[in-house]
Amino acid sequence: MEEKKLDINSLIGFLLIGGILLWMLYMNPSAPEVEEETTTEQVVVTPDEEQQVATTNALQEADSAAVARAASRLGEFGYSATLPSATENETSVENDVLDLKFSNKGGYLSEVRMKNFKTFDSIPVYLIKGDNASFNLTFATTDGRVLNTKDLYFEPTVTKSGDNTIVSMKLKVSPDEFLEYRYVLKPGEYMLDFTIRSQGLNDVLNSSEPIVLDWKLKGYRHAKSISYENRYTELVYEYDGGDDDYVTDGEDEENDITYVAYKQHFFTSILLTDTPFETGKFKSEDLVEDEEVDTLYTKAFASTFPLELKGGELNYNMNWYYGPSDYQILNDYDRNLDEIMPLGWGIFGWINRYVFIPFFSFITNYMGYGIAIIVMTIAIKLVLSPVQYKQYLSQAKMKVLRPEINELNEKYKDNPMKKQQETMKLYSKAGASPMSGCLPALMQLPVFYALFMFFPSAFQLRQKGFLWADDLSSYDTIAQLPFYIPFYGDHVSLFPILASIAIFIYMMMTTGQTMQNAQQPGMPNMKFIMYLSPLFMLIFFNNYASGLSLYYLTSNLITIGIMLVIKNFIIDEDKIHAQIQENKKKPKKQGKFARKMQEMMEQAEQQKKKGK
């Protein structure tokens, strides 16, 4: 075997390596000391420092686990659950009339307080507080999830644009991709601008599934009489380009919705949209089954609408209104919101809008509200006094003719057809007619009904006192009962008692003469009506607004006065009797209608004789 020899190349390599090692030791003589110091520092770490390091590592692991769980549960919207805003904190803003709070969870209003109004028991008026309201969007994502915004966390920011306050609530899937609720609060305004829009979600939202807006609210009680307040609490919506309808208790559905209002008698919450909702479903539920127990809420409202995606994104410009149910305020927005007020349909609403509301607003600038009601009633009665004169004149003529009519009734008691013919001849010759008294009364009905609708809707009367009534928009109380009487209540109101007495006196004056005579077949029992009307006023108006009872009291007192003046100073029954007798002597040209009626009656009489 040949022995190995060390060649020159290997020798040179070993020499170079050795030289490099010596040079490194020369250039870094303290390296071993550094290593030794490092070893020493690790040895002196305290137990608290070790615990802190362990805690930090644990939190990092927990955060990572939370992020993973959020992503697993919410998909891309899990990002919102990892932000610092993922709490139930609230953002507060205000203007001159509203104090608002927005919740991070759900991005909706968690509190709405009216700054200038109090309830009947002197606490602030809240339209939203606690859990009485919710606003939610239900949507599907492209990864197969169905989510609700009320369960997700929005990131709030508050900015100013001039005098306007802007609140932006963003539900994020990344720093630049989000669903946003944008609110703009203006100085002195009850109306907020409201926008729902999305950015960068066209690949996140599932456009094949509907996005459903769901708005619910339970109305808090604000008035002394919950039954009276509930009577004027309703859901009102506008549809089909300007038509409106309402739901008091039950469900409804309509197309092309432009606004929905949850009207709570004197306060209203309204959602308006510039882009009409294609369809809308509405529900109103009465929450007052027992007025002694159910005293917190009046009614529960719910509305659902589908939202449409455009280019895979949401973009709806809307408004919120939280404020008084005041005709003037609502009408000034020029959004057809005055239709929310129950002023009556047709001519009744027309009279209220263009006569009573402007006139009442004018006179209240110069006098108190109780006096204004009296002045307004006097003015109305004076305007209607010519009509009432015609009515009383007709009654006087009928009173003068009553003896002759009784004679005809007795003479033809066995022949109703002949009795009717002779009675009509007598009316025709005398120039009198029972219908002439009815027509003036019918002419006054639109005015009376319009006023019946006006006073309960007059926001100006709220918490305005007069005499013993401390609130003309609610009942007055002169005595509190220790028990509850069905339909009547647990108190005694004086204005309805006085109004009932006035109505009874008026009924005595108008029906007394009729009741002295025999009741005619088919005619209403006037004595029963005379007692029924005051009794109705006494019982059912005990819980009505004292301003309405004051109107009826004033109206009937004025009517009684006008009738006394007409009877004693204007109409002379002896002259009327002489005039009737003179008319009977003159040939009377029979009108076409009267002649036709007489011919029909004669034909019927002849057929009746042939039948026998």
Side-chain angles (χ1 to χ4, degrees), residues 114 116-127 129 132 218-233 264-267 286-299 324-325 368-374 377 451-452 454-505 531-557:
M114 306 274 91
N116 301 326
F117 304 105
K118 302 288 185 181
T119 65
F120 72 100
D121 49 358
S122 301
I123 65 174
V125 171
Y126 289 94
L127 299 186
K129 186 176 176 63
N132 77 310
K218 290 193 292 186
Y220 281 117
R221 171 192 182 182
H222 299 133
K224 185 162 55 174
S225 172
I226 191 170
S227 62
Y228 186 69
E229 181 178 16
N230 216 12
R231 186 176 293 113
Y232 297 97
T233 297
Q264 302 170 234
H265 195 187
F266 283 130
F267 297 96
D286 192 345
L287 300 179
V288 183
E289 294 182 2
D290 186 343
E291 295 178 14
E292 294 296 296
V293 178
D294 304 321
T295 58
L296 181 60
Y297 300 110
T298 53
K299 290 181 179 176
S325 301
Y369 287 90
I371 299 298
I373 291 176
I374 295 174
T377 309
L451 287 168
F452 179 80
F454 167 77
F455 283 108
S457 300
F459 185 85
Q460 302 96 313
L461 297 180
R462 186 178 183 273
Q463 297 182 347
K464 300 298 191 300
F466 179 66
L467 298 178
W468 57 86
D470 56 4
D471 185 353
L472 287 169
S473 72
S474 186
Y475 59 80
D476 61 293
T477 305
I478 59 169
Q480 196 70 36
L481 301 176
F483 48 83
Y484 180 84
I485 302 175
F487 302 108
Y488 188 75
D490 58 358
H491 63 277
V492 177
S493 299
L494 182 55
F495 273 126
I497 294 175
L498 297 177
S500 299
I501 295 172
I503 290 177
F504 181 78
I505 295 173
Y531 289 112
L532 180 64
S533 297
L535 185 63
F536 180 86
M537 168 67 71
L538 182 65
I539 294 177
F540 291 99
F541 276 63
N542 192 62
N543 290 301
Y544 270 62
S546 53
L548 185 60
S549 298
L550 173 61
Y551 155 70
Y552 277 114
L553 169 62
T554 307
S555 177
N556 282 283
L557 289 177

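What you see is a predicted model, and the numbers here were worked out from it, not measured in a lab.
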Can you find a heavy atom in the side chain of [X] that is under 4.5 Å from one in the side chain of [Y]?
| X | Y | answer |
| --- | --- | --- |
| Arg462 | Phe267 | yes |
| Tyr220 | Val125 | no |
| Leu296 | Arg221 | no |

Can a donor-acceptor pair be found, under 3.5 Å and without considering hydrogens, that links the side chain of [X] to the backbone of [Y]?
| X | Y | value |
| --- | --- | --- |
| Ser500 | Leu538 | yes |
| Asn132 | Leu127 | yes |
| Thr554 | Ile374 | no |
| His491 | Asn543 | no |

Drop me the distance from [X]'s [atom1] to [Y]'s [atom2], to the nearest 0.5 angstrom.
| X | Y | atom1 | atom2 | result |
| --- | --- | --- | --- | --- |
| Phe540 | Leu535 | CZ | CG | 8.5 Å |
| Leu553 | Leu498 | CG | CG | 5.5 Å |
| Thr298 | His265 | OG1 | NE2 | 11.0 Å |
| Leu472 | Ile373 | CG | CD1 | 5.0 Å |
| Ile485 | Asp490 | CD1 | CG | 9.0 Å |
| Thr233 | Lys299 | OG1 | NZ | 6.0 Å |

Minimum heavy-atom distance [X]-[Y], with the two atoms named:
| X | Y | answer |
| --- | --- | --- |
| Leu557 | Ala502 | CD2-CB, 4.2 Å |
| Leu548 | Pro456 | CD2-CG, 4.4 Å |
| Pro496 | Met537 | O-CG, 3.7 Å |

Not counting sequence neighbours, list each pair that qualifies as a side-chain hydrogen bond (donor to acceptor under 3.5 Å, both in side chains) and has a residue in residues 465-476. Trp468-Asp476, Asp471-Ser473
Results of salt bridge (Lys or Arg N to Asp or Glu O under 4.0 Å) for Lys129 - residues two or more places apart only: Glu111
For [X], all residues meeting side chain to side chain contact (heavy atoms under 4.5 Å, CB included), sequence neighbours excluded:
| X | value |
| --- | --- |
| Ala223 | Glu229 |
| Leu451 | Phe356, Met376, Ile380, Val447, Phe455, Tyr551 |
| Ile505 | Ile501, Met509, Ile560 |
| Glu289 | Asp294 |

Just checking Phe266 against His222, ring centres under 6.0 Å apart? no
ring-ring contact (aromatic ring centres under 6.0 Å, His included) partners of Tyr544, counting only residues at least two apart: Tyr228, Phe541
What residues, two or more places apart in sequence or in another chain, satisfy ring-ring contact (aromatic ring centres under 6.0 Å, His included) together with Tyr484? none
Could you work out, with side-chain hydrogen bond (donor to acceptor under 3.5 Å, both in side chains) as the rule, every residue matching [X], not counting sequence neighbours?
| X | result |
| --- | --- |
| Ser227 | Ser225 |
| Asp121 | Thr119 |
| Asn230 | Asp286 |
| Ser325 | Thr268 |

side-chain contact (heavy atoms from CB on, under 4.5 Å) assessment of Leu481 paired with Tyr488: CA-CA 11 Å; Leu481 301 176; Tyr488 188 75; 4.3 Å; yes
